Amino acid sequence: MNQIWVVLCLAALGYGIVSGHIDTMNQILIEVGQDTFDFVVPVIMMTCFFSGIMEIAKSCGLLKGLQKMMQPLLVRLFPDVPEDNSALQYIGANIVINMFGLGFAATPSGLKAMEHLQELNSDKKTASRPMVTFLVLNTAGVTILSTNIIAYRQASGSLMSTQYIPYAILSTLMASVAGLLLDRWWNYRKS
């Protein structure tokens, strides 16, 4: 793939030189750098802001409370995982953090959850039912506040950067339900 990009870049550079558009190419390179900077800085600032909010929520116990509220649902979704296993805590943390659209912050808890689920797995070379269910939840999880999309929309000049949120909640909810139904159907079909 890298070779294809190199060929495309060299072809574009060669065409620019042959057609006499070197000044235009220089201008575009300068503008792309400025546009990238103008786009990336607000996204980084928004990410830092919501990461700080997430840390405050963690410090005041809000995340722990949401995890406890999810415990009865998680026990039903993961019947093969013992109730006292720490995998359920990591799964709950991952889901709660993903609900706030901070996937990068949810990665450590997701990795820890998979690590604990692998310990419970009898066949170490194949993903267990709880691992697949967790992957479905992690991939299609309900997002209440997608901070990255808000940041991208604001950086792109959107005047109403949060107007899409009800549609995002509905679509991610439907994706989660459909994914879990398919997961359950597949698991019970194989049993």
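In this text, all values refer to a predicted model and were calculated from it rather than measured experimentally.
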Are [Y] and [X] connected in a single hydrophobic cluster, I mean Ile/Leu/Val/Met/Phe/Trp/Tyr linked by side-chain heavy atoms less than 4.5 Å apart?
X	Y	value
I22	L13	yes
L77	M69	yes
V96	I56	no
L180	M174	no
Y164	L170	no

Just by modelled atom types, is the [Y] backbone N or O under 3.5 Å from a matching donor or acceptor in the [X] side chain?
X	Y	result
N121	T126	yes
R153	T162	no
K124	Q118	yes
S161	S158	no

If I take atom [atom1] from residue [X] and atom [atom2] from residue [Y], how far apart are they, to the nearest 0.5 angstrom?
X	Y	atom1	atom2	value
T133	D183	OG1	CG	3.5 Å
M99	T172	CE	OG1	8.5 Å
L73	F78	CG	CZ	9.0 Å
Q71	I91	CD	CD1	9.5 Å
I97	T107	CD1	OG1	9.0 Å
S176	I95	OG	CD1	8.5 Å

*Minimum heavy-atom distance L74-L88, with the two atoms named*: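 Heavy atoms only, the tightest pair is CD1-O, 3.5 Å.
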*Considering non-hydrogen atoms only, spot the tightest contact between M131 and M114 and give its length.*
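For M131 and M114, the tightest heavy-atom pair comes out as O-CE, 3.5 Å.
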*So do V136 and R184 actually touch side chain to side chain, heavy atoms under 4.5 Å?*
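R184 does not reach V136 side chain to side chain.
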*Count the heavy atoms belonging to other residues, nucleotides or ligands that lie under 6.0 Å from CG of L8, then report whether that count exceeds 12.*
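Counting neighbours around CG of L8, more than 12 heavy atoms of other residues, nucleotides or ligands fall under 6.0 Å, so yes.
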*Should we say atom CD of E31 is surrounded by more than 12 heavy atoms from elsewhere, each under 6.0 Å from it?*
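Atom CD in E31 is packed in, count exceeds 12.
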*Yes or no on side-chain contact (heavy atoms from CB on, under 4.5 Å) for N138 and N94, after CA distance, side-chain angles and deciding distance?*
CA-CA 8 Å; N138 192 32; N94 181 274; 2.9 Å; yes
*With Y90, which residues qualify under ring-ring contact (aromatic ring centres under 6.0 Å, His included), at least two apart?*
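Partners of Y90 by the ring-ring contact (aromatic ring centres under 6.0 Å, His included) criterion, ordered by chain and then number, come out as H116.
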